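What you see is a predicted model, and the numbers here were worked out from it, not measured in a lab. Residue numbers begin at 1 in each chain, while the letters A, B, ... track the order of the sequences.
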Amino acid sequence: MPRMNDALAWPQEGGDARAAPALSPDHPLLRGLNPEQLAAVTLPPRHALVLAGAGSGKTRVLTTRIAWLLATGQVGPGGVLAVTFTNKAAREMLTRLTAMLPLNVRGMWIGTFHGLCHRLLRAHHASAGLPATFQILDTQDQLSAVKRLLKAAGVDEERLASKELQAFINHAKEDGLRPHDLVPRDPHTRLKIELYQRYEEQCQREGVVDFGELMLRSYELLRDHRPLREHYQRRFRHILIDEFQDTNRLQYAWLKLLAGEVEDGRFLPCGNAVMAVGDDDQSIYAFRGARVGNMADFVREFGIEAPIKLEQNYRSVGHVLRAANHLIEHNRQRLGKRLRTERGDGEPLRVVELASDFEEAQWVVEEIRQLLRDGVPAHEIAVLYRSNAQSRALEGALFQAGVPYRVWGGLRFFERAEVKHALAYLRLLDNPRDDTSFLRVVNFPPRGIGARTVEQLQQAAREAGCALADAVTLVGGRGGAALTAFVAQLDVMRERGAGLALADLVRTVLDDSGLLAHYRGERDGAERIENLEELVAAAHAFVQQEGFGRDAPGAAPVADADGETTSPLAAFLTHAALESGDHQAQAGQEAVQLMTVHAAKGLEFDAVFITGLEEGLFPHENSLTAHDGLEEERRLMYVAITRARQRLYLTWAQTRMFHGSTRYHIPSRFLDELPADSLQWLSPPRGRGWGAPQPAWGRSALGQDDVRPAGLAGLPPAAAAAPQAPVSAAGAAIRTGMAVFHPKFGEGQVLAVEGRGADARAHVHFRRHGPKWLALAVARLTPVE
DNA sequence: CAAACCGGAATTTTT
DNA sequence: TTCCGGTTTG
């Protein structure tokens, strides 16, 4: 336990009071801030809500605020609590802060919700009812724990899917609810509550906590231990939260506790100040428990008179912002905010309609090649989509064209199977009761312990009420012997590792466990071995970075910032669990970036393509049933638009492969919600057919780019796309791009041909009658020379 | 124990 | 269509 009277926080007590602050507005820290930013940075100590629009310099404000508070002696490093959602954001804050001020970063509480909760729980594990060695279950581990539980309870997957139970548990925790807080409305819910209860018992027995538990347990720790709570309430004079719109119920409750709430809505005047920074228009994580409503609640409960609005955008040109503002005004539930720029109009958004997802991909790639020829760096080009499945067509086209690209998403480093196996061995060294890890590697690499034996072991452990590792002697026969040998092997590893530096310990485990040997013998094992080598390197780097000292023995206790002790191994395991690592070794830096709109949040690019702008896809059909689902989709579109600095493309395709069959789509309603005079249709505007004044699709009609040489391809979409295989109808081969004649509709151009045989259909734009789908078996279409 | 086979599901994601 | 997980088969 840290000493409760720590000379924490504020300089008056810490004895490091600085000279009277230079409060003049020309203080070097304040240089270049606009009036709103300045107001936020220099606000006197009181609660505040900062509504920070996209690209408004939010991170700068947050970090400068902290720097300002420190530099002016209003608070010491120990008195600041700054919370983010991602490690990346926390890291960035720290980096920028240390660039502004010479600081001892180690004493500062800047981190993710989960990282900080973890820190609290480690420091006060006994009060929280946790063993000192408790370990963290990631999502995968949690699911296997749930599956195991269901099996033990004799509930089969038919009756209750493991994923459903997992989601149930997580949502309950996000709302701060324990099993006894839940009311069973029906038998199914009753079952889930019952299993939630048993899940908790299982985790407790095994000494593991899932992500939700980190949050909930530390909330309860503060709630139920008054001296401790008051200690931290006194300590943290300034609490800052980033991305406040993404907080869930529990996270908000946690913040309120630290801010001095004693009981529902009643606050102790403990003199601290909470600065919540967020953007309700960028709230896109309701599906994982985020509650935009926390912003309005915050205003009410913390007595905010007027939020500080950061509406000056430093990222995008006028047309982009106008489109974003216009779109988001279709949402009803908003705090209200309007982005402005001083960067000039720039060029209008380019809207393109294509016949199929395939042609969309082709078109995008052609356009990308032109951008590259114009000198736009590849990493400044992003292709965004609503769902991951859409990346396939794009990847195919990029690959064929030889354009280097990088897809975001997929498995992260610490989530790879081989890495998880290695980590499971390491976890068992620290905590032999970790049954999830035990089961993961008990027969991996294969060592003759089959399903039957494991079954027996689980049975025995259940009956004895002990961990699997402690039950091995209870299993007889050949299986029992193999199990005992396995546990003995772990013991040997533990002993051998005791005197080693972390990286050497990891290497020893890789060898002794047989993992390396196993993958060496596998055909596709090379990459896995590389990753395991990478793990050794990561352990080494971790020790260096965390300052554990080069020669610190693996098990030697090392003091952390608050005088707590953790072994390097335990710290490394935490690191692996809380920071799942990069998305993939970046295959070549200079690459076009492909990602979902969600993944693009917080990023910016010179040129952005938003693809798949179709009803059912974006907005996604599944979202329409959810409460406020459409508004969230619209916010998602808002996020997508505001990623672009200069040039923004919006594409949609009439047909798309969806679950293996072709689906016909109409354009997204979001296209209709954009200001027409900020759009430049590169294909015929919908509903106007060819009769309308030719807009077009020529270079001449394009917006004048005042920032970057335009030089875009301006291709006619369908005509430029690769011709499809001919489909013959009534003897004549109808192909994409071809001019055709129909006895009733007259002349037109084929935009797409799809299907085969009797089902073959063509999408034709007729001069007089607009776009039509025609069955080739029926329609009398003839090619025009 | 690995390969082969079948059925079902297929937004979005960080910790 | 593709991917995953589960089961069956060699």
Which is more 5' along DNA chain B, the nucleotide nearest A/Ala577 or the one nearest A/Pro445? Just name the residue.
A/Pro445
Please confirm whether the backbone N or O of A/Ala397 pairs with a side-chain atom of A/Gln362, one donor and one acceptor, at under 3.5 Å?
no
Heavy atoms only, 4.0 Å cut-off, all strands: where does A/Asp210 land among base, sugar-phosphate and nothing?
nothing
Side-chain donor-acceptor pair present, A/Gln390, A/Ser387, cut-off under 3.5 Å:
yes
Please enumerate all residues that pass side chain to side chain contact (heavy atoms under 4.5 Å, CB included) together with A/Ala286, with sequence neighbours excluded.
A/Glu632
On DNA chain B, nearest-nucleotide positions of A/Gly448 versus A/Glu415: which is more 5'?
A/Gly448
Starting at CE of A/Met595 and ending at P of B/dT14, how long is that distance when rounded to a whole Å?
12 Å
Residue A/Pro446, side-chain heavy atoms: nucleotide from B/dC1, B/dT13, B/dT15 that is nearest
B/dC1
Does A/Asn443 put a side-chain nitrogen or oxygen below 4.0 Å from OP1 or OP2 of B/dC1?
yes
Quickly work out the A/Leu603 CG to B/dT13 C1' distance and round it to whole Å.
14 Å
In whole angstroms, how far is the P atom of B/dT14 from the CE atom of A/Met215?
18 Å
List in chain and number order the residues that pass ring pair (Phe, Tyr, Trp, His ring centres under 6.0 Å) with A/Phe287, two or more places apart in sequence or in another chain; answer none if no residue qualifies.
A/Tyr285, A/His598
Partners meeting salt bridge (Lys or Arg N to Asp or Glu O under 4.0 Å) with A/Arg223 (sequence neighbours left out):
none
Any carboxylate oxygen within less than 4.0 angstrom of a Lys/Arg side-chain nitrogen, looking at A/Asp141 and A/Lys420?
yes
Heavy-atom donor-acceptor pair, A/Thr139 side-chain to B/dT15 base, under 3.5 Å
yes
Going by side chain to side chain contact (heavy atoms under 4.5 Å, CB included), name the residues that satisfy it together with A/Glu579, two or more places apart in sequence or in a different chain.
A/Asn87, A/Arg91, A/His575
From CG of A/Leu578 over to P of B/dT14, roughly how many Å is that when rounded to an integer?
14 Å
Consider side chain to side chain contact (heavy atoms under 4.5 Å, CB included). Of A/Leu650, A/Ile328, A/Val597, which one does A/Met637 pass it with?
A/Leu650
Can you sort out the partners of A/Arg291 under side chain to side chain contact (heavy atoms under 4.5 Å, CB included), two or more places apart, ordered by chain and number?
A/Arg249, A/Asn294, A/Asp297
Return the value, rounded to whole Å, for the distance between atom OH of A/Tyr385 and atom P of B/dT12.
10 Å
Please measure how far the C1' atom in B/dT12 lies from the corresponding atom in C/dG5, and state the result in whole Å.
22 Å
Any residue meeting salt bridge (Lys or Arg N to Asp or Glu O under 4.0 Å) with A/Lys173, in chain and number order, not counting sequence neighbours:
A/Asp210, A/Glu213
In whole angstrom, give the distance that lies between atom CE of A/Met657 and atom P of C/dT1.
6 Å
Applying side chain to side chain contact (heavy atoms under 4.5 Å, CB included), name anything that partners A/Pro445, two or more places apart in sequence or on another chain.
A/Tyr425, A/Arg447, A/Leu515, A/His518
Rounding to an integer number of Å, can you tell me how far A/Gln140 CD sits from B/dT15 C1'?
13 Å
Partner set under ring pair (Phe, Tyr, Trp, His ring centres under 6.0 Å) for A/Tyr219, not counting sequence neighbours:
none
Dump the pairs, protein N or O against N or O of nucleotides 7-10 of chain C, anything under 3.5 Å, distances to one decimal.
none

Has A/Arg412 got a side-chain N or O lying under 4.0 Å from the OP1 or OP2 atom of B/dT15?
yes
So A/Tyr285, base contact, sugar-phosphate only, or nothing? Heavy-atom distance under 4.0 Å.
sugar-phosphate
Listing time: all N or O pairs from protein to nucleotides 4-11 of chain B that are below 3.5 Å?
| from | atom 1 | to | atom 2 | distance (Å) |
| --- | --- | --- | --- | --- |
| B/dT11 | OP1 | A/Asn622 | ND2 | 3.3 |

Might you list the N or O atoms of the protein lying below 3.5 Å from N or O atoms in nucleotides 2-6 of chain C, with each pair's distance?
| from | atom 1 | to | atom 2 | distance (Å) |
| --- | --- | --- | --- | --- |
| C/dC3 | OP1 | A/Arg392 | NH2 | 3.2 |

For B/dT11, decide between syn and anti, treating a glycosidic angle within 90° of 0 as syn.
syn
Check ring pair (Phe, Tyr, Trp, His ring centres under 6.0 Å) between A/His330 and all other residues, then give those that pass, not counting sequence neighbours.
A/His326
Atom CD of A/Glu522 and atom P of B/dC1: how far apart are they, to the nearest Å?
14 Å
Gap in Å between the two C1' atoms, one belonging to B/dT14 and one to C/dC3, rounded
23 Å
